[in-house]
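Remember, predicted model here, so these are calculated numbers, not experimental data. Nothing fancy with the numbering, it's 1 onward along the sequence. Computed over heavy atoms, backbone and side chain alike; hydrogens, waters and symmetry mates excluded.
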Amino acid sequence: MADPPDKSALPAPYESPWEALRRDVPAALADLRLRAQELWRRNREGDLSTPGFWPQDLAPLFWPLLLLLIVGVLVLGGLQLQGALASKEDPEPPGIERILTTPLPEARPLAVIPEPAASEPLAVPSEPVQPEFPEPVAAEPSAVEPEVPLLQVTPLLSLLADADRDSAIPQGLLLTAQPVPERNGAVLTLDAQQWVALEPSQRLDRAEAWWQQLQEEGYDDLTLEDAGHHLLARPSRVGNGMIMFDPLNTP
């Protein structure tokens, strides 16, 4: 007698794969979470393999750093690829530059210059004519001749002379005042007779007043001399003040 057929060998009932996937996804996620926790634990304990050059004390940092490096390289590569694609696009056409022009002036007719009428040829004399020059007329002597100025008034002389008007210094003491640009100084020429007639204290006060006024004007040097170019005073090379020289003993 034959055995009855096994019911388990019959075709299995139909089951939707999407329903099976819905049941398997939570199980797969749970498995991934467990495996990630295991990797994290093994990495923290230094159980994962690392290269030989990597220090054993820093073994837990190797794989996280490597993962960050890979992510950074991928991000930079994506940015560069995006920039390369953007640069390949056709650039926008440049704007048309408009140039403003001024209208030309109205054309005016040129003035017509009449041609000179043909004149008759001049008769050439047979004998050269001697030109007659007028006899020189003697100039009448003027009754009053203009006075020639003795001094040439310069701006520097006027500046110093205006300052001397309020002092007790006699007029005419300062003859000339010439600037010396090469050493940024000035040379004052004095009347020797009036200079000698002053008291030594008055000479020193007047020389220091001139030197202070010239320093305020931007000068760096000063020389006092008479008409014969004899040195009368100059600034001290050390300290302030003026060094006076005896006008009677100057060479």
Side-chain angles (χ1 to χ4, degrees), residues 1-108 110 155-156 159 179-186 211-222 234-241:
M1 184 176 181
D3 296 333
D6 190 2
K7 294 183 179 181
S8 63
L10 297 177
Y14 173 77
E15 184 179 2
S16 175
W18 301 106
E19 184 67 21
L21 179 62
R22 184 182 65 81
R23 293 195 306 268
D24 294 340
V25 165
L29 293 177
D31 182 70
L32 289 177
R33 182 173 61 83
L34 292 176
R35 292 181 182 275
Q37 292 177 355
E38 182 183 2
L39 287 175
W40 180 258
R41 178 182 57 77
R42 292 180 61 188
N43 180 69
R44 186 174 64 251
E45 295 175 356
D47 192 20
L48 297 179
S49 61
T50 56
F53 62 87
W54 192 262
Q56 189 63 29
D57 297 339
L58 302 178
L61 299 178
F62 175 77
W63 291 107
L65 293 178
L66 181 61
L67 182 60
L68 291 177
L69 179 61
I70 294 175
V71 173
V73 170
L74 293 177
V75 172
L76 291 178
L79 294 178
Q80 292 181 356
L81 180 60
Q82 183 180 1
L85 294 177
S87 62
K88 290 182 179 180
E89 298 179 359
D90 295 334
E92 297 181 359
I96 301 175
E97 182 179 1
R98 297 183 179 180
I99 302 176
L100 300 178
T101 58
T102 56
L104 297 176
E106 298 180 358
R108 298 180 180 179
L110 299 177
L156 183 59
L159 178 65
V180 184
E182 55 267 17
R183 54 191 177 96
N184 194 25
W211 176 226
Q212 182 179 1
Q213 188 175 4
L214 289 176
Q215 282 181 319
E216 295 176 356
E217 297 296 329
Y219 288 87
D220 298 331
D221 192 17
L222 173 64
R234 64 171 177 80
S236 175
R237 297 292 183 262
V238 179
N240 299 324

Mind checking what makes ring pair (Phe, Tyr, Trp, His ring centres under 6.0 Å) contact with Y219, not counting sequence neighbours?
none
Test side chain to side chain donor-acceptor pair (under 3.5 Å) applied to R22 - qualifying residues, sequence neighbours left out:
E19
Atom CZ of R35 with >12 non-hydrogen neighbours under 6.0 angstrom:
no
Starting at CG of L32, measure out to CG of L39 and round the result to the nearest 0.5 Å.
10.5 Å
With sequence neighbours left out, the residues meeting ring pair (Phe, Tyr, Trp, His ring centres under 6.0 Å) with W40 are none
Assess whether atom CD of Q82 is packed by more than 12 heavy atoms of other residues, nucleotides or ligands within 6.0 Å.
no
R237 meets the salt bridge (charged side-chain N to carboxylate O under 4.0 Å, His left out) criterion, sequence neighbours left out, with none
Find the distance between CG (L214) and CG (N184) and round it off to the nearest 0.5 Å.
10.0 Å
What's the separation between atom CG in L79 and atom CG in L74, rounded to the nearest 0.5 Å?
11.0 Å
Would you please name every residue forming a side chain to side chain donor-acceptor pair (under 3.5 Å) with R33, sequence neighbours left out?
none
Looking only at heavy atoms, which two atoms of L222 and P235 are closest? And how far apart?
O-CD, 2.8 Å
Heavy-atom pair with the smallest gap, counting every atom of W54 and L65
CH2-CD1, 4.0 Å
Just wondering, more than 12 heavy atoms not from Q212 lying within 6.0 Å of its CD?
no
Hey, what do you get for CG (L61) to CG (L66), rounding to the nearest 0.5 Å?
12.5 Å
Which residues satisfy the side chain to side chain donor-acceptor pair (under 3.5 Å) test with R23, sequence neighbours excluded?
E15
How close do W63 and T50 get, counting heavy atoms only, and between which atoms?
NE1-CG2, 4.3 Å
Between CG on residue D221 and CH2 on residue W211, distance to nearest 0.5 Å
6.0 Å
